[in-house]
Student: 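Shown below is the structure under consideration.
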Amino acid sequence: MTIRLPDSKGGFRAYEPRKEPFAATPGTPFTSRTVFSAAHVVADPFADSTPDSPAAVDWDATLAFRRHLWSHGLGVAEAMDTAQRGMGLDWAGAAELIRRSAAEAKAVGGLIACGVGTDQLTGPATLDEVRAAYEEQLALVEESGAQAILMASRALAAAAKGPEDYLEVYGHLLRQSAEPVILHWLGPMFDPALEGYWGSSDLDAATDTFLEVIAAHPDKVDGIKVSLLEAQREIDIRRRLPQGVRCYTGDDFNYPELIAGDDQGFSHALLGIFDPLGPLAAEAVRVLDTGDAKGFRELLDPTVELSRHLFRAPTRFYKTGVVFLAWLAGHQSHFTMVGGLQSARSLPHFARAYELADGLGLFPDPKLAEERMKNLLSLYGVNQ
């Protein structure tokens with residue numbers, strides 16, 4: 001049996017779906033790497049909401065997906081951009097998500113870290129207001145018992161006059177943080193409002209400022225997440241980190257080589273692509289735990305084509321593909337997103353995502369995924 005899939009040239013091709021999924025079993029956390037999956041949120045499809053209204057979240061399905069990730073030994077990076085932070089999920093929704101997920105992590109013994117930003121600010125802000133907004137969110141995350149991830153701030157990017165403002169704001173936050181945090185450098189391909197972060201559009205100058213923040217407070221920085229989609233830059237940054245500060249790759253284009261590492265070190269991981277890849281990624285890291293870097297690459301390298309497809313420009317809309325695959329995989333009953341973001345990608349894009357994910361065996365029930373793909377195609381007038 002085949003399924004007719006539209007291609008990017010206006011035609012169709014026949015695809016024969018896979019019959020059996022990739023065999024992955026739940027397991028304990030890893031020994032060689034710390035690995036977080038940034039997790040998506042599941043919208044409530046029956047809420048009477050509009051793109052500008054507060055996010056309506058299906059909390060049961062959202063938390064069930066986090067339990068799925070924890071069951072495979074992955075940590076959850078909560079309330080990050082994968083959860084549509086700043087693209088449909090406002091601060092009130094993010095705060096509730098952090099509280100609920102942190103409590104769930106405590107109940108099941110799961111690893112969790114949560115995003116701290118300034119998205120309660122809705123207009124131009126002063127540096128003092130940016131700092132206060134960060135402090136409010138940091139307090140909530142620490143009170144929840146989760147590790148904090150200091151996210152890049154649109155408000156800070158708009159208010160800062162130069163590198164010294166970043167040094168001052170981040171230095172203040174790190175001095176008062178109760179536990180070591182993860183610093184997150186999100187590139188403008190993920191959020192255009194973050195252009196020139198760390199006080200310069202020159203990445204070499206920005207890198208120097210970023211590293212200066214860390215060097216001044218190494219005891220308060222557990223690690224950094226670099227999301228610039230430049231493997232060599234991440235490697236260069238990684239080699240300049242103070243002893244004991246970890247690098248968590250956020251490079252959804254080059255993650256296998258960065259996690260595998262070289263004779264001078266390796267990256268841990270905090271990745272949005274590990275949302276759909278969860279069980280397969282976990283299996284690969286367990287192979288790496290045995291010292292088998294070749295076996296790790298053999299499992300994970302074939303996933304890069306799917307990741308590059310989902311994260312293709314405009315990269316910030318990768319969340320649509322992530323939620324689409326969660327629906328096909330049976331983790332949620334619908335393909336609806338907060339803010340109506342399910343409309344952000346084209347039918348040919350979805351078709352290719354289905355084909356690549358199915359080829360990897362990512363769908364626990366390939367027949368269900370095929371039926372749902374056909375249902376979506378029929379809504380667009382594609383008859384099988």
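Just so you know, these numbers use all the heavy atoms, side chains as well, and skip hydrogens, waters and symmetry mates.
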Student: Just by distance, no angles: are the side chains of Q176 and H172 close enough, under 3.5 Å, to form a donor-acceptor pair?
Tutor: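 Yes.
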Student: To the closest 0.5 Å, what do you measure between NE2 (H72) and CG (L280)?
Tutor: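 Taking NE2 in H72 and CG in L280, the distance rounds to 10.5 Å.
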Student: Can you hop from L270 to L277 via hydrophobic side chains spaced under 4.5 Å?
Tutor: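 In one cluster: no.
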Student: With no hydrogens and no angle check, is any side-chain donor or acceptor of R85 less than 3.5 Å from a backbone partner on G115?
Tutor: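 At least one qualifying donor-acceptor pair exists.
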Student: Quick one: CZ on R372 to CZ on F324, what's the gap to the nearest 0.5 Å?
Tutor: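 Rounded to the nearest 0.5 Å, the CZ-CZ separation comes to 11.0 Å.
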Student: Taking the six-membered ring where the residue is Trp, are the ring centres of F350 and W327 under 6.0 Å apart?
Tutor: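 No; W327 has its ring centre 6.0 Å or more from that of F350.
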Student: Y248 and I259: same hydrophobic cluster, using ILVMFWY side-chain contacts below 4.5 Å?
Tutor: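 Y248 and I259: separate clusters.
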Student: For F266, give me all partners under side-chain contact (heavy atoms from CB on, under 4.5 Å), at least two apart in sequence or on another chain.
Tutor: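 F266 satisfies side-chain contact (heavy atoms from CB on, under 4.5 Å) with R33, H268 once adjacent residues are dropped.
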Student: Examine distances only and state if a side-chain atom of D7 and a backbone atom of G11 form a donor-acceptor pair shorter than 3.5 Å.
Tutor: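 Yes, the answer is positive, given that a donor and an acceptor are paired below the 3.5 Å cut-off.
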Student: Apply side-chain hydrogen bond (donor to acceptor under 3.5 Å, both in side chains) to the pair D275 and S37, showing each step before the final yes or no.
Tutor: CA-CA 6 Å; D275 179 303; S37 166; 5.0 Å; no
Student: Minimum heavy-atom separation for P242 and A215, please, with both atom names.
Tutor: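 In this case the closest contact between P242 and A215 is CG-CA, 4.4 Å.
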Student: Using side-chain contact (heavy atoms from CB on, under 4.5 Å) as the criterion, list what pairs up with L5, not counting sequence neighbours.
Tutor: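 Result, side-chain contact (heavy atoms from CB on, under 4.5 Å) vs L5: I3, R13, Y15, A351, Y354, E355, M373, L377.
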Student: Minimum heavy-atom separation for S343 and G340, please, with both atom names.
Tutor: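 For S343 and G340, the tightest heavy-atom pair comes out as OG-O, 3.1 Å.
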Student: Just wondering, are more than 12 heavy atoms of other shown residues or ligands nearer than 6.0 Å to NZ in K9?
Tutor: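 Counting neighbours around NZ of K9, 12 or fewer heavy atoms of other residues, nucleotides or ligands fall under 6.0 Å, so no.
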Student: Assess whether atom NZ of K106 is packed by more than 12 heavy atoms of other residues, nucleotides or ligands within 6.0 Å.
Tutor: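 Not buried by this count: 12 neighbours or fewer within 6.0 Å.
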Student: For atom CG of D48, decide whether the heavy atoms of other residues, nucleotides or ligands shown that lie under 6.0 angstrom number more than 12.
Tutor: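 Incorrect, the count does not exceed 12.
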Student: Do the ring planes of H68 and F65 sit parallel (below 30°), tilted (30 to 60°) or perpendicular (above 60°)?
Tutor: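 Taking F65 first and then H68, their aromatic rings sit tilted (interplane angle of 30° to 60°).
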Student: Tell me whether R352 contacts the main-chain N or O of L347 through its side chain, where contact means a donor paired with an acceptor under 3.5 Å.
Tutor: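 Absent.
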Student: Taking CZ in R312 as the centre, count heavy atoms belonging to other residues, nucleotides or ligands within less than 6.0 Å. Is the count above 12?
Tutor: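 Atom CZ in R312 is not packed in, count stays at 12 or less.
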Student: Quick check: do S200 and P163 have side-chain heavy atoms less than 4.5 Å from each other?
Tutor: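 Counting from C-beta outward, S200 and P163 never come under 4.5 Å.
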Student: Under a 3.5 Å distance rule, please check whether T290 uses its side chain to pair with a backbone N or O of V287 as donor and acceptor.
Tutor: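 Present.
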Student: Charged N to carboxylate O below 4.0 Å: is that the case for R240 and D208?
Tutor: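 Here R240 pairs with D208 in a salt bridge, since their nearest N and O are under 4.0 Å apart.
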Student: Using atom types as modelled and distance alone, determine if a side-chain donor or acceptor of S267 lies under 3.5 Å from a backbone N or O of T249.
Tutor: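 Checked: no pair found.
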Student: Measure from the ring center of Y166 to the ring center of Y197 and say whether it is less than 6.0 Å.
Tutor: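 Yes: the rings meet the under 6.0 Å criterion.
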Student: Return yes if a side-chain donor-acceptor contact under 3.5 Å exists between Q332 and H40, otherwise no.
Tutor: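 Yes, side-chain donor-acceptor contact under 3.5 Å.
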Student: Would you call R239 and D262 a salt bridge, taking side-chain N to carboxylate O under 4.0 Å as the test?
Tutor: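 Result for this pair is yes, salt bridge flagged.
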Student: Does V57 reach the side chain of L97, with side-chain heavy atoms less than 4.5 Å apart?
Tutor: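 In short, these two side chains do not touch, never coming nearer than 4.5 Å.
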Student: Is it true that R99 and E96 have a side-chain N and a carboxylate O under 4.0 angstrom from each other?
Tutor: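 Salt bridge between R99 and E96, a charged N being under 4.0 Å from a carboxylate O: yes.
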Student: With rounding to the nearest 0.5 angstrom, report the CG to CD distance, L203 to E230.
Tutor: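 Answer rounded to 0.5 Å: 5.5 Å.
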Student: Side chain of D44, backbone of A56: donor and acceptor closer than 3.5 Å?
Tutor: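 A pair under 3.5 Å: no.
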Student: Report the C-alpha distance between T82 and Y318 in whole Å, list the side-chain angles of each, state the deciding distance to 0.1 Å, and finish with yes or no for side-chain hydrogen bond (donor to acceptor under 3.5 Å, both in side chains).
Tutor: CA-CA 8 Å; T82 304; Y318 76 87; 2.7 Å; yes
Student: Within 45° of the ring axis of F190 and under 6.0 Å from its six-membered ring centre, is that where the NZ or CZ of R316 lies?
Tutor: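 Relative to the ring axis of F190, which defines the angle, R316 lies outside at least one limit.
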Student: So do the side chains of F363 and L368 get within less than 4.5 Å of each other, counting heavy atoms only?
Tutor: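 When only atoms from C-beta onward are counted, L368 and F363 do not touch, as no gap falls below 4.5 Å.
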Student: Quick check against the 3.5 Å criterion: does Q120 have a side-chain atom that pairs as donor or acceptor with the backbone of W91?
Tutor: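 No, Q120 side chain to W91 backbone: no donor-acceptor pair under 3.5 Å.
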Student: Could you report the tightest heavy-atom contact between A206 and W198, atom names first, then the distance?
Tutor: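 Scanning both residues completely, I find the closest heavy atoms to be O-CB, 3.6 Å.
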Student: Any ion pair linking E104 and R67 (charged N to carboxylate O, less than 4.0 Å)?
Tutor: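 A salt bridge links R67 with E104.
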Student: So how far is it from T303 OG1 to L356 CG, rounded to the nearest 0.5 Å?
Tutor: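 One gets 10.5 Å once the value is rounded to the nearest 0.5 Å.
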Student: So which atom in D251 and which in A231 form the shortest heavy-atom distance, rounded to 0.1 Å?
Tutor: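 Between these two residues, the closest heavy atoms are OD2-N, 3.5 Å.
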Student: Do Q147 and E179 pair up side chain to side chain, a donor and an acceptor below 3.5 Å, judged on atom types alone?
Tutor: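 Their side chains do not contain a donor-acceptor pair, so the 3.5 Å distance test is not met.
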Student: Hey, could you give me each pair passing salt bridge (charged side-chain N to carboxylate O under 4.0 Å, His left out) that has a residue in residues 49-59? Not counting sequence neighbours.
Tutor: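 Non-adjacent pairs meeting salt bridge (charged side-chain N to carboxylate O under 4.0 Å, His left out): zero.
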Student: Under 4.0 Å between a Lys/Arg side-chain N and an Asp/Glu carboxylate O for R297 and D292?
Tutor: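 Salt bridge flag = no for D292 with R297.
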Student: Measure the spacing between CG of D119 and CG of L89 and express it to the nearest 0.5 Å.
Tutor: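 One gets 8.0 Å once the value is rounded to the nearest 0.5 Å.
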Student: Does atom CD of Q232 have more than 12 heavy-atom neighbours from other groups under 6.0 Å away?
Tutor: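 Yes, the 6.0 Å shell around CD holds more than 12 heavy atoms from other groups.
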Student: Look at D128 together with R131 and state whether they make a salt bridge at an N to O cut-off of under 4.0 Å.
Tutor: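 The answer is yes: the pair qualifies as a salt bridge.
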Student: Regarding T336 and Q342, do their side chains bring together a donor and an acceptor under 3.5 Å, going by distance alone?
Tutor: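 Not at all, the side chains of T336 and Q342 share no donor-acceptor pair under 3.5 Å.
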Student: For the side chain of E195 and the backbone of P188, is there at least one donor-acceptor N/O pair under 3.5 Å apart?
Tutor: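 Here the side-chain-to-backbone pair does not exist.
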Student: With rounding to the nearest 0.5 Å, note down the distance linking NE2 in H217 to CG in L173.
Tutor: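 So the gap between those two atoms works out to 9.5 Å.
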Student: Grab the two heavy atoms, one from R175 and one from K220, that are nearest each other, plus how far apart they are.
Tutor: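 For R175 versus K220, the nearest heavy atoms are O-NZ, 3.1 Å.
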Student: Is the side chain of H349 donor-acceptor paired with the backbone N or O of S8 at a distance under 3.5 Å, no angle test?
Tutor: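 Judged by distance alone, no pair lies under 3.5 Å.
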Student: Would you check if the side chain of S307 reaches a backbone N or O of V304 as a donor-acceptor pair within less than 3.5 Å?
Tutor: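 A pair under 3.5 Å: no.
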Student: Between A353 and L325, which heavy-atom pair has the shortest distance, and what is it?
Tutor: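 In terms of heavy atoms, the two residues are closest at O-CD2, 4.0 Å.
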